[in-house]
Structure formats: structure tokens, C-alpha cells
Visitor: 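Okay, here's the structure, questions in a sec.
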Amino acid sequence: MELVCPAGSLPALKQAVDCGADCVYLGFRDATNARNFAGLNFDEKALAEGIDYAHRYGKKVLLALNTYPLPDAWERWTQAVDRAARYGVDAMIVADPGLMQYACEKHPGLRLHLSVQGSATNYDAINFYARHFHIARVVLPRVLSIEQVEMVVNNTDVEIEVFGFGSLCVMVEGRCALSSYVTGDAPNNRGVCSPAKAVRWQPTPAGLESRLNGVLIDRYAAHEKASYPTICKGRYEVCGEDYYAIEEPASLNTLELLPRLVKIGVSAVKIEGRQRSPAYTAAATRVWRAALDSCMRDAASYRVLPEWTEALGRLSEGQQQTFGAYYRSWK
């Protein structure tokens, strides 16, 4: 099982490689990738240096080209495909079928992974992409139970990658329209759920307020950690009560599920967080490298160590960790 780690910058890429990643994933510094934040991502010089550094240590570089092209900017996305092929990335993570077709025709040797933004939640969809576009791996959306993941693995020859740690998304990725409802910029083609230009934090007598395009998303007391404002993770007044009406801030942490994921044949586990710091990347990668090595040596005696839990707790969003959709007590 490969460990796939986030690289929002060249320093983060080097930390991931040094701390035990098998693959790093990154994006260009534009709207062609789904983490299009100011100050993040790679220009061509940084990409060339990053690929050279990763390959020097036998690691893979995956290029996330995982947004949907705007109708009047098709060439921006196809040129990004050309750049990915020219620089020699090990695979391109893509969501749009038109770009898959373009890549197959123009760069038949370029390995393609289906992005989580492609929203493939069943094996028929995955096998369709494999037949028509030679998809070699798919990243599953974070809405499937572990039983459903196993069903997918058993019914396709395509490699399956799942998220193991990091922020959750309550939506089926690639289908969310909540942010565009408030900001006018769809995350699926602008590359970010909450554009930085629309985000404001403001101290008030009642607490620190976060707003998105003027809409109040949350208000934090002095002891609370303030998270990046997204519509799905806001506190709202519903029937006279203020609470997280859609999704509570929590981080996915599946360390305890590793033996099961290995047993059912998952090919890769992914750490979310290209928007996070190099220090986050280093700390998360160290823990997951140690855990994965332990599980692969002897799954029967594998145990989650307290120091792993403590380290990941310091990196988590919000106040809690969860198995997400993987574990449903009623199943």
C-alpha cells in the first residue's frame, strides 16, 4: 500500500519525501487544481526541482489537475496537461472526461488517476473510466462505508486509493455548489471552496467572527480554535438554536482501520492537506509511515500507539477525530 502525501509547496514536498511518503501530490499555481490558494502550489521552476528531488529518492509525483475547465478557457487546462507530460510527472490526477480524452490522444504514455472530484462512487463508473480513458487508479470520495469500499475493490482491476487522514468533506466531491451559492465562484472550476478574497475575520465583543462574502459563518469564543470558513462547516441558527447544522469540524483519522484497508486490497492511502504547512506534512507523514510499516510487517499484532494519536490530534481540524463514513454503527 502506497502512502500518498500532500505537497502544497516545494518545502512541503521535500518534507514529505524525507519523512517517508511513497508519492506526493501537488498542483499548478492556477485554477486547474482544487487547492488554488494564494501562496501555494508550483510554478514550473519549483515543479522541475520538486520532481527531481522526489525521483532522486525513488518517490513518485502526482499532478492534481482536478478541476473542470471553464467554457471560455479550455486551452488553459489542456496546456496544463501538456506541461504535466513535458515535466515527467508519474501520474496526473484528473476529473474532467474531456481532459482525459485529450490526455489519451496527445500523451498516451501519461498515467491517469481519477480524482476524488470525479465523484466515482461505484465500480461501474470506475470501470467505465478505465475502458474509455485507461484510468489506472481512482481516489474514492469520502462518502463510502468500508463495506462499500471492499465491494468496489472486488469488482474492478483499477487501483483504489482512499483518504486516511485530514479534513472531511460532507459533500460528494465534485458535486458541491454551496460555496458558489454564497460567493459566485464554484469550487469545481475555480479550485477553492472559499476564495480568499471572500474571507474575513473580525474581532467583535461577542467573539471572533468569520464571514464569507459578508455572510456570517461562525463566531468563536476565546477558547475555541477558528477554522477556515466554509459553508458546510458553519454554525447556524436553526429553530432558535446555534449549532453545526450541516457538518461539525472534525478530522478523518483511519489509523485503526489500516489492517482492514490492507486486507481488502486498497492500493494507496492518502493524507489530505495541501493547504496546510510543511510542518503539518512532515508530522502527518512520519506517523502514517510508522503505522503503515507496522501494519505491513504484522497486521495481526498491529496497534495504534498513543504517541501517534497524540501527534495527529495536534494536527486535527476542530475538536475531534472520526472514521467518517467508513464506519457506520448501524450496518
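Bear in mind the structure is a predicted one, so any value in this text is a computation, not a measurement.
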Visitor: Against Pro6, only a single residue in Leu13, Ile271, Leu26 fulfils side-chain contact (heavy atoms from CB on, under 4.5 Å); can you say which?
Guide: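 With Pro6 as partner, side-chain contact (heavy atoms from CB on, under 4.5 Å) holds for just one option, Ile271.
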Visitor: Could you tell me if the side chain of Leu63 sits less than 4.5 Å from the side chain of Ile93, heavy atoms only?
Guide: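 No, every pair of side-chain atoms sits at 4.5 Å or beyond.
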Visitor: List in chain and number order the residues that pass salt bridge (charged side-chain N to carboxylate O under 4.0 Å, His left out) with Arg289, two or more places apart in sequence or in another chain; answer none if no residue qualifies.
Guide: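 Applying salt bridge (charged side-chain N to carboxylate O under 4.0 Å, His left out) to Arg289 gives Asp22, Asp293.
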Visitor: So for atom CG, which belongs to Asp157, do other residues, nucleotides or ligands contribute more than 12 heavy atoms lying within a distance under 6.0 Å?
Guide: no
Visitor: Show the nearest heavy-atom pair for residues Leu3 and Gly20, with the distance to one decimal.
Guide: CD2-O, 4.0 Å
Visitor: Using a strict threshold of under 4.0 Å (side-chain N to carboxylate O), is an ion pair present between Lys60 and Glu2?
Guide: yes
Visitor: Give the minimum heavy-atom separation between His107 and Val81, together with the two atoms involved.
Guide: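 Heavy atoms of His107 and Val81 come nearest at CD2-CG1, 3.9 Å.
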Visitor: Taking atom OH as the centre, does Tyr236 end up with more than 12 heavy-atom neighbours from other residues, nucleotides or ligands that are less than 6.0 angstrom away?
Guide: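 Counting other residues, nucleotides and ligands, OH of Tyr236 exceeds 12 neighbours.
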Visitor: Can you find a pair of side-chain heavy atoms, one from Met1 and one from Cys295, that are under 4.5 Å apart?
Guide: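 Side chain of Met1 against side chain of Cys295, heavy atoms only: no contact under 4.5 Å found.
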Visitor: Once side-chain contact (heavy atoms from CB on, under 4.5 Å) is applied, do any residues pair with Ala311, and if so which ones, sequence neighbours excluded?
Guide: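 If we apply the side-chain contact (heavy atoms from CB on, under 4.5 Å) test to Ala311, skipping adjacent residues, the hits are Val287, Arg314.
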Visitor: Could I get the full list of side chain to side chain donor-acceptor pair (under 3.5 Å) partners for His132, not counting sequence neighbours?
Guide: none
Visitor: I'd like to check the side chain to side chain donor-acceptor pair (under 3.5 Å) partners of Asn66; sequence neighbours left out, ordered by chain and number.
Guide: none
Visitor: Of all residues at least two apart in sequence or in a different chain, which pass the side-chain contact (heavy atoms from CB on, under 4.5 Å) check with Ala290?
Guide: Trp308
Visitor: With heavy-atom distances below 4.5 Å as the criterion, would you say the side chains of Trp77 and Leu65 are in contact?
Guide: yes
Visitor: Could you pull out all residues at least two apart from Arg235 that satisfy salt bridge (charged side-chain N to carboxylate O under 4.0 Å, His left out)?
Guide: Asp218, Glu224
Visitor: For Ala291 versus Leu255, what's the shortest heavy-atom pair and its separation?
Guide: CB-CD2, 3.5 Å
Visitor: What heavy-atom pair brings Thr285 and Thr281 nearest, and what distance separates the two atoms?
Guide: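 Where Thr285 meets Thr281 most closely, the heavy atoms are OG1-O, 2.6 Å.
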Visitor: Taking side-chain contact (heavy atoms from CB on, under 4.5 Å) as the test, write out the residues that go with Phe163, two or more places apart.
Guide: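 Only Val116, Val139, Arg142, Leu252, Lys270, Glu272, Tyr326 meet the side-chain contact (heavy atoms from CB on, under 4.5 Å) criterion with Phe163.
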Visitor: Are Leu305 and Leu257 co-members of a hydrophobic cluster defined by side-chain heavy atoms under 4.5 Å apart?
Guide: yes
Visitor: Within a reach of under 6.0 Å around CD of Glu307, are more than 12 heavy atoms found that belong to other residues, nucleotides or ligands?
Guide: yes
Visitor: Between the side chain of Arg219 and the main-chain N/O of Leu216, is any donor-acceptor distance below 3.5 Å?
Guide: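 No; judged by distance alone, with no hydrogens or angles, the pair does not exist.
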Visitor: Could you tell me whether a side-chain N or O of Thr67 sits under 3.5 Å from a main-chain N or O of Thr32, the two making a donor and an acceptor?
Guide: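 Indeed, once roles are kept as given, a pair shorter than 3.5 Å links the two residues.
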Visitor: Under the side-chain contact (heavy atoms from CB on, under 4.5 Å) test, which residues partner Asn41, sequence neighbours left out?
Guide: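 Partners of Asn41 by the side-chain contact (heavy atoms from CB on, under 4.5 Å) criterion, ordered by chain and then number, come out as Arg29, Asn33, Arg274.
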Visitor: Tell me, do Leu261 and Val162 make a side-chain contact under 4.5 Å, heavy atoms counted?
Guide: yes
Visitor: Mark yes when over 12 heavy atoms from residues, nucleotides or ligands other than Gln275 sit less than 6.0 Å from its CD; otherwise mark no.
Guide: yes
Visitor: Could you tell me which residues satisfy salt bridge (charged side-chain N to carboxylate O under 4.0 Å, His left out) with Lys263, sequence neighbours excluded, listed by chain and number?
Guide: none
Visitor: Tyr129 pairs by side-chain contact (heavy atoms from CB on, under 4.5 Å) with which of Val94, Leu112, Val138, Leu114?
Guide: Leu114
Visitor: Only counting residues at least two apart or in another chain, list the ones meeting side chain to side chain donor-acceptor pair (under 3.5 Å) with Thr204.
Guide: none
Visitor: Among all residues two or more places apart in sequence or in another chain, which pass the side chain to side chain donor-acceptor pair (under 3.5 Å) test with Arg86?
Guide: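 With sequence neighbours excluded, Arg86 shows a side chain to side chain donor-acceptor pair (under 3.5 Å) to no residue whatsoever.
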Visitor: With side chain to side chain donor-acceptor pair (under 3.5 Å) as the rule and sequence neighbours excluded, what pairs involving residues 43-55 come up?
Guide: Lys14-Glu49, Asp18-Tyr53, Glu44-Tyr87, Asp52-Arg56, His55-Asp90
